[in-house]
Structure formats: structure tokens, C-alpha cells
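Working notes, beginning with the structure itself.
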Amino acid sequence: MSRLHFPVATETSSIAREIGLASGSRRQLLRYALAGAAAILLPACNGSSGLAAGDHFPEIDLPYLDGHAVPFAPPAGVPLIINFWASWCEPCREEMPSLEKLSRIFRPEELLVIGVTVDSDVNLAREFSLRGKLTFPMLSDSGLVLASRKLHIPVFPATFLLQRDRTIARVTVGARDWASPTMVKEIEGLLAVRRSTPA
């Protein structure tokens with residue numbers, strides 16, 4: 001039985017000769033192609049958004065999901081937890097009850113939970129929000145203007161914890177139990193807030 005053979009870096013020149021890439025210009029072209037592929041693939045494997053802790057969160061200029069005529073205006077000086085989600089995203093759906101519970105643990109004037117759906121069909125997001133009896137503010141980013149163009153969010157759900165001055169305290173990618181005692185304690189420490197009801 002023949003063994004599988006995986007070439008290592010020292011065999012590069014012999015492999016290049018075998019596949020007809022022995023000339024310097026062709027090898028350089030191959031090197032550029034590999035570097036370009038790496039540049040494209042690495043950000044996709046990173047799993048983080050374009051903004052990180054310490055960065056300033058961009059202006060929120062999004063309509064309410066339920067079609068309010070007046071656009072959403074976040075209250076000044078109030079820490080925010082902004083969750084980007086979609087109705088087709090299973091982890092997003094799973095964590096929604098804990099976000100609803102979290103929104104009730106803190107008074108809105110102390111900490112405000114905000115949901116931002118990226119659904120292209122806002123009716124699906126509205127239906128999910130109504131069925132889940134979600135009471136915290138829900139906004140629509142159906143064109144991905146904030147989620148993709150400004151924040152470069154790679155996967156959903158993605159949650160931003162913002163301090164009073166709109167500086168990002170933490171970016172969380174993936175679902176969490178936001179109402180667990182451990183998570184609530186972390187939020188209190190990160191955002192300098194205090195719960196109004198037990199977690």
C-alpha cells in the first residue's frame with residue numbers, strides 16, 4: 001500500500017518544476033495569488049467585527065421595526081446593549097428570551113437593551129418579535145447599512161456593550177445567556193450600572 005505524501009516547504013522548487021511553474025515570473029505570480037487568497041480568507045476566519053473595545057460606536061440612524069414615524073434616538077448618557085440578529089438565525093432566536101429578561105433586570109434609564117434585526121423581510125422579524133413578546137426597542141437594518149457597511153459584522157448574533165459615552169466596552173459574537181447571574185455581574189462591572197431586580 002502506498003503512503004500519502006504531503007510536500008513540505010523544502011520541496012517547493014521540485015513541485016514547481018513538476019507543474020510547470022519553474023520560471024521566476026510564474027513562481028512570483030503564484031506567490032502573489034497565495035498571499036491574496038490568505039488576505040481574503042483570514043478576516044472570514046477571524047470571527048470578530050471591524051470595531052473593538054475602546055472604539056467609538058457609530059451613529060444609530062435606524063427606523064423602528066414596527067414602523068414608528070419618528071426614528072429611534074438613543075437616550076444620552078445611558079449605557080446600551082445592542083444586539084444584531086435575524087429571524088433565520090437559530091442562535092439569535094435562542095438567546096432572545098434572555099435579552100428580554102435582561103431588559104427587565106435593569107431600568108431603561110440605567111441600561112437600555114436594543115435589538116437590531118438584519119432581516120430583509122421585516123414582516124418575519126415583526127412576527128418573531130410579537131410571538132416572543134419582546135418589549136425592548138427593536139430597530140430594522142434591512143439594508144445592512146450599520147451591521148455590514150459600518151460595523152463589518154461577520155456572523156450573527158453580534159452584541160455590542162456600550163458605555164455612557166458610546167465607547168465600546170465589549171463585542172460579543174455568538175449567543176449568550178444574557179440574564180444569567182454571572183453575565184449580569186459582568187455587565188454591571190463593564191458598564192458601571194446596577195440592576196433593579198435580582199438576576
Side-chain angles (χ1 to χ4, degrees), residues 49-51 56-180 183-184 186-188 190-191 193 195-197 199:
S49 74
L51 296 183
H56 195 271
F57 197 83
E59 190 82 19
I60 303 172
D61 186 19
L62 297 172
Y64 281 96
L65 179 61
D66 61 7
H68 270 78
V70 180
F72 174 77
V78 176
L80 304 176
I81 294 182
I82 305 178
N83 176 264
F84 288 82
W85 67 283
S87 64
W88 42 260
C89 164
E90 183 63 32
C92 300
R93 295 197 301 266
E94 288 176 358
E95 76 172 354
M96 275 298 164
S98 71
L99 281 165
E100 175 62 28
K101 188 175 179 182
L102 179 68
S103 73
R104 295 169 185 267
I105 291 172
F106 292 91
R107 292 188 302 271
E109 60 271 17
E110 183 67 21
L111 174 70
L112 186 61
V113 176
I114 301 168
V116 178
T117 175
V118 296
D119 279 86
S120 56
D121 186 345
V122 293
N123 290 322
L124 293 175
R126 285 180 190 141
E127 183 183 346
F128 177 85
S129 183
L130 288 170
R131 272 192 285 113
K133 298 179 180 177
L134 303 177
T135 60
F136 54 90
M138 197 64 73
L139 312 179
S140 173
D141 187 19
S142 59
L144 297 171
V145 173
L146 183 58
S148 183
R149 295 182 202 170
K150 295 183 180 179
L151 298 174
H152 309 289
I153 297 173
V155 292
F156 302 103
T159 308
F160 294 78
L161 281 65
L162 307 186
Q163 296 173 343
R164 298 179 192 277
D165 63 356
R166 299 300 181 258
T167 300
I168 298 171
R170 178 182 290 174
V171 182
T172 301
V173 177
R176 299 289 186 276
D177 180 0
W178 291 100
S180 72
M183 184 61 74
V184 170
E186 284 185 27
I187 290 169
E188 287 180 312
L190 277 170
L191 302 181
V193 294
R195 72 195 89 180
S196 60
T197 63

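Quick note: residue numbers are just sequence positions, from 1. Keep in mind that the numbers below use all heavy atoms, side chains included, and drop hydrogens, waters and symmetry copies.
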Min side-chain heavy-atom separation F106-V193 under 4.5 Å: yes
Contacts of F136 that satisfy ring-ring contact (aromatic ring centres under 6.0 Å, His included) - sequence neighbours left out: none
Heavy-atom closest contact (L62 atom, S140 atom, distance): CD2-O, 3.6 Å
Pairing residues for E90 by the side-chain contact (heavy atoms from CB on, under 4.5 Å) criterion, not counting sequence neighbours: R93, E94
Test item: V122 and T117 side chains (from C-beta on) under 4.5 Å apart, heavy atoms: no
Pairing residues for H68 by the ring-ring contact (aromatic ring centres under 6.0 Å, His included) criterion, not counting sequence neighbours: Y64
Heavy-atom donor-acceptor pair, H152 side chain to A147 backbone, under 3.5 Å: no
Verdict with supporting geometry, T135 and R104, side chain to side chain contact (heavy atoms under 4.5 Å, CB included): CA-CA 9 Å; T135 60; R104 295 169 185 267; 3.4 Å; yes
Sequence-distant partners of W178, ring-ring contact (aromatic ring centres under 6.0 Å, His included), two or more places apart: none
Residues which pass side chain to side chain donor-acceptor pair (under 3.5 Å) with S98, listed by chain and number, not counting sequence neighbours: none
Heavy-atom side-chain proximity of L112 to P137 below 4.5 angstrom: yes
Minimum-distance pair of heavy atoms, taken over all atoms of K101 and A179: CD-CB, 3.6 Å
Exam field: side chain D141 to backbone V116, donor-acceptor pair closer than 3.5 Å: no
Distance-only polar pair, side chains of S196 and E110, donor-acceptor under 3.5 Å: no
Within-4.5 Å side-chain heavy-atom neighbours: F72 and P63: no
Over all atoms of both residues, closest heavy-atom pair of R176 and E95: N-OE1, 3.0 Å
Gap separating the CG atom of D121 from the OG atom of S87, nearest 0.5 angstrom: 7.5 Å
Expected output: side-chain S103 to main-chain E100 donor-acceptor under 3.5 Å: yes
Side chain E188, main chain R195, donor-acceptor under 3.5 Å: yes
I187 side chain near L102 side chain, heavy-atom distance below 4.5 Å: yes
CG-CE distance between D66 and M138, expressed to the nearest 0.5 angstrom: 10.0 Å
Separation between CG of D119 and OG of S129, rounded to the nearest 0.5 Å: 11.0 Å
Audit row: W85, V118, side chain to side chain contact (heavy atoms under 4.5 Å, CB included) steps and yes/no: CA-CA 6 Å; W85 67 283; V118 296; over 6 Å; no
Audit row: W88, F128, ring pair (Phe, Tyr, Trp, His ring centres under 6.0 Å) steps and yes/no: CA-CA 10 Å; W88 42 260; F128 177 85; over 10 Å; no
Sole residue of L161, L162, L191, L111 in side chain to side chain contact (heavy atoms under 4.5 Å, CB included) with L80: L162
Residues L99, L134; criterion side chain to side chain contact (heavy atoms under 4.5 Å, CB included); working and verdict: CA-CA 9 Å; L99 281 165; L134 303 177; over 6 Å; no
Set of residues satisfying side chain to side chain donor-acceptor pair (under 3.5 Å) with respect to Q163, sequence neighbours excluded: none
Carboxylate-amine/guanidinium proximity below 4.0 Å for E186 and R170: yes
Any L151 side-chain heavy atom under 4.5 Å of F160 side chain: yes
Stepwise side chain to side chain contact (heavy atoms under 4.5 Å, CB included) test for N83 and M96: CA-CA 9 Å; N83 176 264; M96 275 298 164; 3.5 Å; yes
Flag if over 12 foreign heavy atoms under 6.0 Å of CG, D61: no
4.5 Å side-chain heavy-atom contact, V171 and L51: no
Heavy-atom closest contact (P157 atom, P91 atom, distance): CD-CB, 3.9 Å
Closest non-hydrogen atom pair between R126 and G67, with its separation: NH2-N, 4.4 Å
Criterion side chain to side chain contact (heavy atoms under 4.5 Å, CB included) against L139, the qualifying member of I114, L65, I82: I114
